[in-house]
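Just below is one structure, and these are the notes that go with it.
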Amino acid sequence: HYYITNNLSMGRKRKKTNVVDASEIKKVSKNFVRGEGPDLKTIQDKKLKRELIVREKHNAQAIRAAAFNQLLLPEERGCLEADDGERTLKFKQTDIVKHVDIGSARKHFSLSLPHHGPYRCAYSRNGRKLLIGGGKGHIATFDWQSGQLGCEFHVKETVKDIAWLHNRDYIAVAQKKYAYIYDGQGTELHRLKNHVNPVHLEYLPYHWLLVSTGATGYLKYHDVSIGKLIVELKTRLGQPHSMTQNPWNAIVHLGHSNGTVTMWSPSMKEPLVKMLCHHGPVTALAIDNAGRHMVTCGLDKQMKVWDVRTYKESLSYYTHRPGSNLSISQTGLVAVTFGGQVQVWKDAFKTKQKAPYMTHLVEGATIEGLDFANFEDVLGLGHSKGFTSLLIPGAGEANYDALELNPFESKRQKQENEVKMLLNKIQPELITLDHGSIHQMKEEVEEKPLDSLNHKELILKFKMKGKNSAKRRFHRREKHIHDEKRQKVRTALEKVKNEKEGIPEEPRTMLDRFKYKEA
């Protein structure tokens, strides 16, 4: 049995409460077992056997902990279930709003902003705040659940992309010429002159890095904690059409016009991986939170699912129009837009689905922004007419970790969290494809001193294969013969030239003037 100890008043003993039975733990743990372990009896290598025993012990502990946590989780995510003869994609937002509670129904709303679009949208990491940016310069932040406005201002310049920084008090905006950083009141704090003509923005929260790419074709990493440009990498593939980050290892993925997807790290000048994904420009990219699957859209009207661990294509879907935006929820729902229509696919990574999970059409508008809200069954759409919030059952994670992301954090908790994130900041040099290799130690070869080496070990032998063949010997002999003939001809020509010009063969001296000259 498993127990949880509760601290009572001073001087009293701790009371043990029976929470979960061991039989229930054993039953739930079967869902987390991934294959059978190795047969340790057949392994003769003692070192390998010892390592496998330790690894199997850790796996068993992880399985028991995962099963224990699942039984203690108070909430479960929901989903849409259709009756026989019906399909969930036929359900409209008006039908869903009628059958949900009042609090959930308020999360479906639309903002009519036809004069400053098209709009892009981005939810904060805890899913509480919403940031919208119009293409003509309108910027606004607000608490989308309570309707409380944070700030609203107009930059009077073209806005190409927006991004939240480490908390809800700082935002980054990619404008016509440079990238800018604003605070929660809309005050301009920094103008990043090194980020020229930015088109896409991404923020790496655990590294405090603002990443941008634009028309110049450079990928730039800016450390917002110290205000310095860390590195700028030349992609040599022109302006990228799309950009996203891998939440698992902070690798930046770029989609290019030649159909390739490149993966970048600030510690390498060349791309870590280069994949050919489409037969045309890659218009949209998205990666799930586990960092295992990547979804791409291209102008070839294909939506493909890739396994990032093997760099191979898993599934492929046909779209009647090229996809323009992609987003993946915490539970694995994939949203793709083309024109004014959005489709949401369920279980798109496991098996090939015949039809989407849900669809929605924004009439007379073109969708430019797409983002899921964390811990909420909400999908935000930014389009040419404003902003629309959709209800997508089963999109958000039902349980949250308050030490990691707390949707209900207070002002004091926000300040403490900011200090902790700064203290736990990860250096850019540690961004690698295999982040599991960071904790491993490098095996160094012990260098021997020269005095301890034998004379035979110091002799360097260079084997030149084919240097003494019959053909090589013949060419070397012919070369010597031709060199001798060439030298004789050169000497005879110089002698004839000197006779014509009257130059004596021997060098002249000061006493040559007294010599007898023949007539």
Side-chain angles (χ1 to χ4, degrees), residues 75-114 117-123 127 130 132 142 144-147 284 286 295 297 301 303 317-348 352-398:
E75 301 292 341
E76 294 182 0
R77 66 186 184 97
C79 64
L80 280 179
E81 295 182 358
D83 296 333
D84 295 338
E86 294 183 352
R87 292 189 297 175
T88 57
L89 64 91
K90 295 296 183 179
F91 295 163
K92 297 182 180 180
Q93 289 293 310
T94 54
D95 300 333
I96 296 175
V97 170
K98 291 178 181 179
H99 294 84
V100 296
D101 57 284
I102 298 176
S104 299
R106 292 180 58 185
K107 297 176 183 178
H108 171 64
F109 62 90
S110 296
L111 300 178
S112 180
L113 302 167
Y119 277 84
R120 293 183 176 273
C121 61
Y123 289 96
L130 175 63
I132 60 174
F142 54 92
W144 62 275
Q145 295 187 19
S146 63
V295 184
C297 284
K301 299 181 181 180
M303 185 180 73
Y317 297 89
Y318 174 78
T319 58
H320 62 279
R321 292 179 62 183
S324 56
N325 296 280
L326 277 170
S327 183
I328 301 178
S329 70
Q330 291 178 310
T331 57
L333 299 183
V334 180
V336 57
T337 65
F338 24 84
Q341 186 179 7
V342 57
Q343 290 183 353
V344 180
W345 295 79
K346 184 181 180 182
D347 297 332
K352 188 169 183 178
Q353 304 297 318
K354 297 181 180 179
Y357 174 57
M358 293 183 66
T359 61
H360 182 76
L361 177 65
V362 183
E363 297 181 357
T366 302
I367 300 175
E368 292 291 338
L370 180 70
D371 194 17
F372 279 101
N374 290 339
F375 311 110
E376 295 288 346
D377 295 344
V378 171
L379 174 63
L381 301 179
H383 45 82
S384 56
K385 287 187 176 181
F387 175 81
T388 302
S389 177
L390 304 180
L391 295 180
I392 309 295
E397 184 66 38

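Note that the coordinates shown come from a computational prediction; the quantities given were computed from them, not determined experimentally.
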Open item on the list: As a quick check of understanding, evaluate side chain to side chain contact (heavy atoms under 4.5 Å, CB included) for Ser389 and His108, giving each step before the final call.
Closed with: CA-CA 5 Å; Ser389 177; His108 171 64; 5.5 Å; no
Distance-only donor-acceptor pairs under 3.5 Å for side chains of residues 339-347, two or more places apart:
{"residue": "Gln343", "atom": "OE1", "partner": "Trp345", "partner atom": "NE1", "Å": "3.3"}

Would you say [X] and [Y] make side-chain contact, with heavy atoms under 4.5 Å?
| X | Y | result |
| --- | --- | --- |
| Phe142 | Leu130 | yes |
| Thr319 | Lys301 | yes |
| Gln353 | Tyr317 | yes |
| Leu80 | Phe91 | yes |
| Ile132 | Arg120 | no |
| Val378 | Ile392 | no |
| Leu370 | Leu379 | yes |
| Met358 | Leu391 | no |

Least distance between heavy atoms, [X] atom then [Y] atom:
| X | Y | result |
| --- | --- | --- |
| Leu333 | Ala395 | CD1-CA, 3.7 Å |
| Met303 | Cys297 | CG-SG, 3.7 Å |
| Gly396 | Asp377 | N-OD1, 2.9 Å |
| Asp371 | Ala122 | OD2-CA, 3.6 Å |
| Ala335 | Phe372 | CB-CE1, 3.6 Å |
| Val295 | Leu326 | O-CD1, 3.4 Å |

Open item on the list: In terms of relative ring orientation, are Phe338 and His320 parallel, tilted or perpendicular, with 30° and 60° separating the classes?
Closed with: perpendicular
Task: Thr88 side chain to Tyr357 backbone, donor-acceptor under 3.5 Å - done: yes
Open item on the list: Evaluate Lys385 against Val362 for side chain to side chain contact (heavy atoms under 4.5 Å, CB included), listing each step before the verdict.
Closed with: CA-CA 9 Å; Lys385 287 187 176 181; Val362 183; 5.5 Å; no
Task: Flag for Thr366-His383: side-chain donor and acceptor within less than 3.5 Å - done: no
TODO: Dump the intermediate steps for side chain to side chain contact (heavy atoms under 4.5 Å, CB included) on Leu390 and Leu381, then the final yes or no.
DONE: CA-CA 8 Å; Leu390 304 180; Leu381 301 179; 3.5 Å; yes
Task: Heavy atoms from other residues, nucleotides or ligands near CD of Glu363 exceed 12 (cutoff 6.0 Å) - done: no
TODO: Give a yes or no on this: more than 12 heavy atoms of other residues, nucleotides or ligands lie within 6.0 Å of atom NE2 of His99.
DONE: no
- [ ] Output every pair passing salt bridge (Lys or Arg N to Asp or Glu O under 4.0 Å) with a member in residues 100-110, not counting sequence neighbours, ordered by first then second residue.
- [x] Lys107-Glu376
- [ ] Please step through side chain to side chain contact (heavy atoms under 4.5 Å, CB included) for the pair Phe387 and Cys121, ending with a clear verdict.
- [x] CA-CA 8 Å; Phe387 175 81; Cys121 61; 3.7 Å; yes
Task: NZ-CG distance between Lys90 and Asp95, expressed to the nearest 0.5 angstrom - done: 12.5 Å
